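Read the numbers this way: they start at 1 and go in the same order the structure lists the ligands and their atoms. None of these values were measured; they are calculated from a predicted model. Position 1 is the first residue of the sequence; numbering continues from there.
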Amino acid sequence: MNILLTGGMGYIGSHTATLLLNMGHQLHIYDNLCNSNIDTLDRIKKITSKEVGFTQGDIRDTKKLTEVLINEKIDAVIHLAGLKAVGESTQKPIEYYANNVQGSISLIQAMQAANIRTLVFSSSATVYGDPIYLPYDEEHPTSPTNPYGRNKLQIEEMLLDLANSDNTWSIARLRYFNPVGAHESGLIGEDPNGIPNNLMPVIGQVVDGRLPMLNIFGDDYDTPDGTGKRDYIHVMDLAEGHLAALTWLKGNLGCHTFNLGSGNSVSVLELLHCFENISGNKIPYQVVARRPGDLPEYYAKADKAAKILGWQTKRNLTDICNSSWLWFQNSKNKKST
Ligand SMILES: NC(=O)c1ccc[n+]([C@@H]2O[C@H](COP(=O)([O-])OP(=O)(O)OC[C@H]3O[C@@H](n4cnc5c(N)ncnc54)[C@H](O)[C@@H]3O)[C@@H](O)[C@H]2O)c1
């Protein structure tokens, strides 16, 4: 298949790219590099020994996007481009709506113009909001508590309206839980521009001295060790989830929603201690106030993806920490050269 990956230079996109290329697909990445680095392209090529097309562009540039879709004879799109920092979305909501919602409208218009009707969309467990019950299944009511989550929900709803209005579309809305870890090669991993929001990249910046210590936001939650519990999913398991969705969409029309999570939750301290054991590094931390809106715990019911897509996570917390540690060591070498 000829696949366009919007946001393919980013964390999840680059890992997904390696998998798709290794499975024999042709890829074209479309990314404006606002939160990624051009070096990643060479790293994807090095891992796979395959060629990959790249266009630097903004998804809001419908004309450019349409040209790429037509010229590259694209069959399907995996749409990962977007701004993703929950905290920042509350400070810059219009930037988030413009980039994420308007960008997705532009992408769909380009796909319509290029007559492409297969789409996998990166959504998020953030769409669920405060849990009414756990684990979240796909039927759990949606009630996001921040602009980022509302962006994702608006795009999801737009995709459903689109599929209802035109039955030639095949759409998968993938609700990711907490992606972590890095490629087994250690050549690519998560390295956001600016101050990271997620736990593992913060640990990475403590390891390489960019940050003095890790802040743990609250240790008085109603969890066994008092710290928040999340459903961490290895980024290569997530990449495999995209492939499974894309393969399944070939024979299925309509708009479909799948949780991509492990079905288990792990606390901040459990993850931290696992990382410390594997890396031999002591990670200094301090407990600070809870962040508004943070939940004590959440995790996925991932049965639907297992049953319909034949997908489930294969990697565990040790794999997550091992691959992250390898990546931190490699990226530290990269920075010091
Ligand atoms: N990482 C997570 O915790 C998580 C969880 C749930 C959902 N998601 C979603 O998955 C997708 C990928 O996340 P990620 O962690 O790889 O993020 P990322 O920031 O590493 O990658 C996103 C990529 O999109 C690009 N981009 C952003 N806006 C763009 C635009 N207007 N035009 C073209 N390119 C643009 C960035 O340069 C970046 O390379 C995002 O949509 C995110 O919301 C991520």
Ligand 1 versus K152: contacting region, heavy-atom distance under 4.0 Å: side chain
Students often mix this up, so state it plainly: with edges at 30° and 60°, are the rings of F177 and Y136 parallel, tilted or perpendicular? tilted
What do you reckon, does I12 have a nitrogen or oxygen under 3.5 Å from a nitrogen or oxygen of ligand 1? yes
Near L33 (heavy-atom distance under 4.0 Å), the atoms of ligand 1 are 37 (O)
S123 near ligand 1, heavy-atom distance under 4.0 Å? yes
Does ligand 1 have an atom under 4.0 Å from some heavy atom of D58? yes
Do ligand 1 and I59 have nitrogen or oxygen atoms that lie under 3.5 Å from each other? yes
Does ligand 1 have an atom that lies less than 4.0 angstrom from a heavy atom of A125? no
Counting non-hydrogen protein atoms only, what is the nearest one to atom 21 (O) of ligand 1? Give residue, atom name and distance. G10 CA, 3.4 Å
Using side-chain heavy atoms (C-beta onward) and a distance below 4.5 Å, is W169 in contact with L159? no
Judged by modelled atom types alone, do Y298 and N178 share a side-chain donor-acceptor pair under 3.5 Å? yes
If you compare Y148, Y232, F177, Y30 by their heavy atoms, the one closest to atom 8 (N) of ligand 1 turns out to be Y148
Show which atoms of ligand 1 fall inside a sub-4.0 Å distance from at least one heavy-atom site of N198. 3 (O)
Give a yes or no on whether a salt bridge exists between R210 and D191, defined as a side-chain N under 4.0 angstrom from a carboxylate O. yes
contact_flag H79 ligand 1 heavy-atom lt 4.0 Å: no
Of the side chain and backbone of N99, name the one, both, or neither that has a heavy atom under 4.0 Å from an atom of ligand 1. side chain
In terms of atom number and element, which parts of ligand 1 are under 4.0 angstrom from non-hydrogen atoms of S122? 9 (C), 10 (O), 11 (C), 41 (O)
Quick note on ligand 1: atoms under 4.0 Å from a heavy atom of C34 include exactly 26 (N), 27 (C), 28 (N), 36 (C), 37 (O)
Between E67 and K63, does any side-chain N to carboxylate O distance fall below 4.0 Å? yes
Going by atom types only, do Y285 and D219 share a side-chain donor-acceptor pair under 3.5 Å? no
Are the charged groups of E184 and K314 less than 4.0 angstrom apart, N to O? no
Y30 and H79: ring pair (Phe, Tyr, Trp, His ring centres under 6.0 Å), yes or no, with the steps? CA-CA 10 Å; Y30 187 96; H79 175 33; over 10 Å; no
Taking distance alone, with N or O pairs closer than 3.5 Å, would you say L80 contacts ligand 1? yes
Using a 4.0 Å cutoff against the non-hydrogen atoms of S124, which atoms of ligand 1 qualify? 6 (C), 7 (C)
List every atom of ligand 1 that sits less than 4.0 Å from any heavy atom of G57, numbering the atoms from 1 in the order shown and giving each element. 32 (N), 33 (C)
Tightest non-hydrogen contact, residues M111 and L69, listed as N-CD1, 3.7 Å
